Amino acid sequence: MTRKLAAVQMVSGPDVERNLATAAELIAEAAAQGADLVLLPEVFAALEGEPMRAHGERQGAPGSPIQEFLSGEALRHGVVLIGGTAPLSSRPEKSESDAGYLIEDGRVRASSLVYDAAGELLARYDKIHLFDVMIEDRQAQYSESLSYEAGSEVVCVDTEAGRLGLSVCYDLRFPELYRRLFRLGAEILTVPAAFTAVTGEAHWESLLRARAIENQCYLVAAAQGGSHGYPRETSRETWGHSMIVSPWGEILAELDKGPGVAVAEMDLLTLRDIRRKMPVADHIRLG
């Protein structure tokens, strides 16, 4: 009942081809360490530079470089691969004939895509909570809703590695989402992120450990970690510190900044024993 989980950390820039090449190297490194599940960070394929619509892809459209990359890497290495977030210009309706399938206002959705070891798309989660805030850093103002349309669906999916509860970055501050995932049977929470250096230093570890503890789940958090874009003195700075956390709140693996891979073993028997001895699910009284 053991599996190996891997969080890939990157310092992505505006060059999609270069970012994908870096991601491929790090996925291969994770696979070489025996990972069964590999999580890429938020905006792994492009961060900074052009508006995200320039990189937008329709779900499942042939010739989509980001989606084809994810499918190919999952198949090549035989792993469950979660593509942090990809900019999708279509909503997750089942067919193009559905009303509102395409996003017409120039925005995209930040979509976390899950591929199985055969390279097939298993699930898509669109980031629900958008980062429209003011931060005391070089950028000062973050307005994700100008570039992104929010999703609305809570997503859990069964994989060879376990049952995943999907989330993205700013979602981490909304515990009600994770309680929904817990009630849907999540065993592993995934958190691809690009936390700012300021908010990351203050809150990142505390939030990750809290979400793992209160929902008795393993948690995999793959982050951006470094300075992005040019010139460096005005570029965005992300916190890094990708980590894997146990259902008891232990940090099983952690990086600092810069590209790399954090790998740790999970044991579903341990998770189930924690839940048996402390049956939080049976004790919920509110919500």
Side-chain angles (χ1 to χ4, degrees), residues 3-47 49-50 52-92 94-96 108-127 155 157-164 166 168 188 190-194 220-224 242 244 259-263:
R3 297 287 187 274
K4 279 193 174 180
L5 311 175
V8 168
Q9 185 161 290
M10 296 176 63
V11 189
S12 299
D15 187 328
V16 173
E17 187 173 335
R18 179 179 294 180
N19 293 332
L20 294 185
T22 300
E25 292 175 3
L26 294 169
I27 294 166
E29 182 180 332
Q33 294 186 49
D36 300 288
L37 177 147
V38 179
L39 175 66
L40 293 172
E42 185 179 23
V43 290
F44 74 94
L47 192 154
E50 299 173 301
M52 277 298 165
R53 187 63 178 222
H55 307 298
E57 300 178 359
R58 295 190 189 190
Q59 181 179 330
S64 300
I66 297 172
Q67 294 172 81
E68 290 189 355
F69 168 82
L70 293 169
S71 174
E73 291 298 306
L75 176 61
R76 180 174 296 107
H77 297 291
V79 298
V80 175
L81 180 60
I82 303 103
T85 59
L88 295 191
S89 57
S90 60
R91 300 184 181 95
K94 298 185 186 303
S95 72
E96 294 191 25
V108 294
R109 288 196 174 191
S111 301
S112 193
L113 304 176
V114 181
Y115 290 83
D116 66 16
E120 297 295 322
L121 181 65
L122 289 180
R124 164 184 174 173
Y125 165 71
D126 294 345
K127 184 177 183 179
V155 179
V157 58
D158 289 312
T159 73
E160 296 105 317
R163 185 162 174 79
L164 308 185
L166 306 181
V168 175
I188 306 165
T190 60
V191 188
V220 188
Q224 297 282 349
S242 298
I244 299 168
V261 178
V263 179

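Just so it is clear, the structure is predicted and the values come from calculations on it, not from any experiment.
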- How close do Ser242 and Ala223 get, heavy atom to heavy atom, and via which atoms? OG-N, 2.8 Å
- Task: Check the pair Gln224 / Glu42 against side chain to side chain contact (heavy atoms under 4.5 Å, CB included), numbers first and verdict last.
- Result: CA-CA 7 Å; Gln224 297 282 349; Glu42 185 179 23; 5.5 Å; no
- Query: Taking side chain as C-beta onward, heavy atoms only, is Ser71 less than 4.5 Å from Leu121?
  - Reply: no
Donor-acceptor pairs are to be reported for all side-chain atoms of residues 81-88 against protein atoms at under 3.5 Å, with residues two or more places apart or in another chain.
residue : atom : partner : partner atom : Å
Thr85   : OG1  : Val43   : N            : 2.7

- Query: Which atom names give the shortest non-hydrogen contact between Val261 and Ala6, and what distance separates them?
  - Reply: CG1-CB, 4.2 Å
- Task: Could you walk me through whether Val114 and Val80 pass the side chain to side chain contact (heavy atoms under 4.5 Å, CB included) test, one step at a time?
- Result: CA-CA 7 Å; Val114 181; Val80 175; 4.1 Å; yes
- Find out whether Leu40 and Pro192 are in side-chain contact, i.e. whether some heavy atom of one side chain is under 4.5 Å from a heavy atom of the other. no
Identify every side-chain donor-acceptor pair in residues 25-36 under 3.5 Å, counting partners at least two apart or on other chains, and give the distances.
residue : atom : partner : partner atom : Å
Asp36   : OD2  : Lys4    : N            : 2.8

- Pair Val220-Val191, side chain to side chain contact (heavy atoms under 4.5 Å, CB included): steps then yes or no: CA-CA 6 Å; Val220 188; Val191 188; over 6 Å; no
- Using a 4.5 Å cut-off on heavy atoms from C-beta on, say whether the side chain of Val16 contacts that of His55. yes
- Message: How long is the straight-line distance from CD of Gln67 back to OH of Tyr115, given to the nearest 0.5 Å?
- Response: 4.5 Å
- Query: Quick one: does Ile66's side chain get under 4.5 Å of Phe44's, heavy atoms only?
  - Reply: yes
- Message: Whether Arg3 and Glu160 form a salt bridge (side-chain N of Lys/Arg under 4.0 Å from carboxylate O of Asp/Glu) is what I want to check.
- Response: no
- Full working for side chain to side chain contact (heavy atoms under 4.5 Å, CB included) between Arg124 and Gln59: CA-CA 9 Å; Arg124 164 184 174 173; Gln59 181 179 330; 2.8 Å; yes
- Message: Within the 4.5 Å heavy-atom criterion, are Arg109 and Arg91 side-chain neighbours or not?
- Response: yes
- Taking every heavy atom of Ala123 against every heavy atom of Val155, the minimum-distance pair comes out as CB-CG1, 4.1 Å
